[in-house]
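What you see below is based on every heavy atom in this structure, not just the backbone, and it leaves out hydrogens, waters and symmetry mates. No experiment lies behind these values; they were computed from the predicted model shown.
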Protein chains: 2
Amino acid sequence: MSPAKKDAGAPKKGERTRAKILDTALALFQEHGYEATTMRRIAEGAGVALGNAYYYFESKEHLIQGFYAKTHVEHLAACEPILAREKDLVARLKGVLHAKVDTAEPYHRISGVLFKSAADPKSPLSPFSSASAPVRTDAIELMRRVVDESDGRLPKDLAERLPEMLWLHEMAIILFWLHDESPGRARTRHLIDRTADLVAKLVSVASFPLMKPLRTSALELFDELKHDATPGA
Amino acid sequence: MSPAKKDAGAPKKGERTRAKILDTALALFQEHGYEATTMRRIAEGAGVALGNAYYYFESKEHLIQGFYAKTHVEHLAACEPILAREKDLVARLKGVLHAKVDTAEPYHRISGVLFKSAADPKSPLSPFSSASAPVRTDAIELMRRVVDESDGRLPKDLAERLPEMLWLHEMAIILFWLHDESPGRARTRHLIDRTADLVAKLVSVASFPLMKPLRTSALELFDELKHDATPGA
DNA sequence: GTCTATAACCGGATAGAC
DNA sequence: GTCTATCCGGTTATAGAC
């Protein structure tokens, strides 16, 4: 009766070990940086053997996926009050992006390494990879809320693709943020405000009925290109 | 008289060894990929001891700087006939970008790894780093030729910044290309043609005298943001 | 002082016993 | 599912050769 003894609802057998390893790793990454943190040190801190850490996580890099998920959850929480309060599309967009910068701030030091693989299509860490699909999908859904629950009216074809476009915009902001050493990330915040205004202008221009042909061909191009870049989406 | 014996103009003492190591490394990277190529194998292939390779190159990654320089030179050569032939800005831009895709094609397999550090501000391999400044500056100069020797007339303030903007555009194209597995990189080529047309339209609209205020504020934003992203440029 | 070679070190990853 | 013992390859220290 030993394996069947546990009650349903309790954290499964080794699930606790897994969480312990991840938490330890993230804490050490934050304190000493990614490179300086060895797998041996993580295992030691988590109270397990080195090999055991590899039983739960394929590689050191795979620990980072957990990091993505964690910061994303924090971002979601920070967005709730903003989305409840603001109804204007631009205000919602700015709010969500500033919240991203806010919640990511504690990890600025190590984020460079964490996003290292953004450009490597084969890496599971790339935001475009299928391994990143869960978080990516969720982040796009957040942008869908930004758009759908705003008080503006948009043509259907545009409203459909806009969330993905805004997610790409967010990725670009993050890339800029990685290189931003200005106090308070002032430059990134400026970039957010200016490009959000730009997005609003583009959207409103693109929404004129007269713009339909141009809009259609632009959206077709987007669809076509998307296919290749994000096979999982 | 042994050290002073050599004639001026001959390839300096160890300069040959350096070149041998680099050539061997690039060949092996291309054949087996970056990860699979060990420093021991490179040293062996170049006929030197392992430690010797580190005398000439700080790290395995530093071998990649040589790679950047090499492909850039090839790109420059490929652009000459295009720039001599075409005088229309769009045609010149498309020609230069397609040439980039052409010359980079043999290295597509390994480029993912090579650009891994694009997002890491601390890495000397980042295209924005000061270590990459020589190649970056040269690539921007190429874009300046694309603009300056074209037959269109541009307002001075725009013509001044356009080369840097076009270089950023090129970086974005390359990022897309890294993820592009379509035959003949058809999607990247499509992206080039469509965005080059878009650039042309934007440039011509921005050149209207009536657009001067908007153009000025857009260029000011660009100047302001550039400062942080590329301290070396 | 410029270059080359040998022998470690260190840390990510794996094999296989318990 | 957890451990111990190794492997493997990037990197470094160091001793010498030209």
Side-chain angles (χ1 to χ4, degrees), chain A residues 2-6 10-22 24-25 28-29 32-67 110 113-114 116-117 120 122-125, chain B residues 1-6 8 10-22 24-26 28-29 31-67 110 113-114 116-117 120 122-125:
Chain A
S2 38
K5 192 163 55 179
K6 298 242 173 216
K12 292 223 193 87
K13 1 183 185 182
E15 208 52 37
R16 219 180 254 291
T17 314
R18 185 192 187 80
K20 189 78 195 297
I21 294 169
L22 182 57
T24 308
L28 288 172
F29 287 163
H32 308 289
Y34 179 78
E35 312 280 355
T37 304
T38 72
M39 286 297 282
R40 282 164 178 84
R41 183 71 190 74
I42 293 169
E44 186 193 342
V48 299
L50 172 62
N52 203 356
Y54 281 96
Y55 176 79
Y56 288 103
F57 296 92
E58 265 184 55
S59 74
K60 191 179 177 184
E61 284 200 338
H62 276 75
L63 284 163
I64 296 174
Q65 287 288 352
F67 167 87
I110 52 167
V113 193
L114 305 190
K116 232 184 160 170
S117 307
D120 185 0
K122 278 137 213 154
S123 168
L125 271 80
Chain B
M1 92 158 74
S2 35
K5 191 164 59 177
K6 297 243 174 213
K12 292 221 196 89
K13 358 184 184 184
E15 207 52 37
R16 216 179 259 289
T17 312
R18 187 191 185 80
K20 189 77 194 295
I21 293 168
L22 182 57
T24 307
L26 295 185
L28 287 172
F29 288 164
E31 193 175 358
H32 307 290
Y34 179 77
E35 311 280 356
T37 304
T38 72
M39 287 297 281
R40 285 164 177 84
R41 181 71 190 76
I42 293 169
E44 186 193 342
V48 300
L50 173 62
N52 204 353
Y54 280 94
Y55 176 80
Y56 289 102
F57 296 92
E58 266 185 53
S59 73
K60 192 179 176 182
E61 284 201 336
H62 276 74
L63 283 163
I64 296 175
Q65 288 286 355
F67 168 87
I110 52 167
V113 191
L114 305 190
K116 230 182 161 169
S117 307
D120 185 0
K122 279 136 213 152
S123 168
L125 272 78

Going through the checks in order, is the side-chain contact (heavy atoms from CB on, under 4.5 Å) test met by B:Ile42 and B:Met39? CA-CA 5 Å; B:Ile42 293 169; B:Met39 287 297 281; 4.1 Å; yes
Take atom CE of A:Met39 and atom C1' of D:dG9, then tell me their distance rounded to the nearest Å. 17 Å
Minimum heavy-atom distance B:Ile21-B:Ala53, with the two atoms named: CD1-CA, 4.0 Å
For A:His62, check side-chain hydrogen bond (donor to acceptor under 3.5 Å, both in side chains) against everything at least two apart and list the hits. A:Ser59
Excluding sequence neighbours, so at least two apart, what forms side-chain contact (heavy atoms from CB on, under 4.5 Å) with B:Leu22? B:Leu26, B:Phe57, B:Leu63
Listed partners of B:Ala43 passing side-chain contact (heavy atoms from CB on, under 4.5 Å), at least two apart: B:Val48
Sorted by number, residues from residues 52-62 of chain B placing a heavy atom under 4.0 Å from DNA chain D are B:Tyr54, B:Ser59, B:Lys60
So which of residues 40-50 of chain A are in contact with DNA chain C, with a heavy-atom cut-off of under 4.0 Å? A:Arg40, A:Leu50
Span of DNA chain C engaged by chain A, first through last nucleotide within the 4.0 Å heavy-atom cut-off, is C:dG11 to C:dT14
If you look only at pairs with a residue in residues 32-56 of chain A, which of them pass as a side-chain hydrogen bond (donor to acceptor under 3.5 Å, both in side chains), with sequence neighbours excluded? none
In Å and rounded to the nearest 0.5 Å, what is the CD to CG distance from B:Glu31 to B:Leu28? 6.5 Å
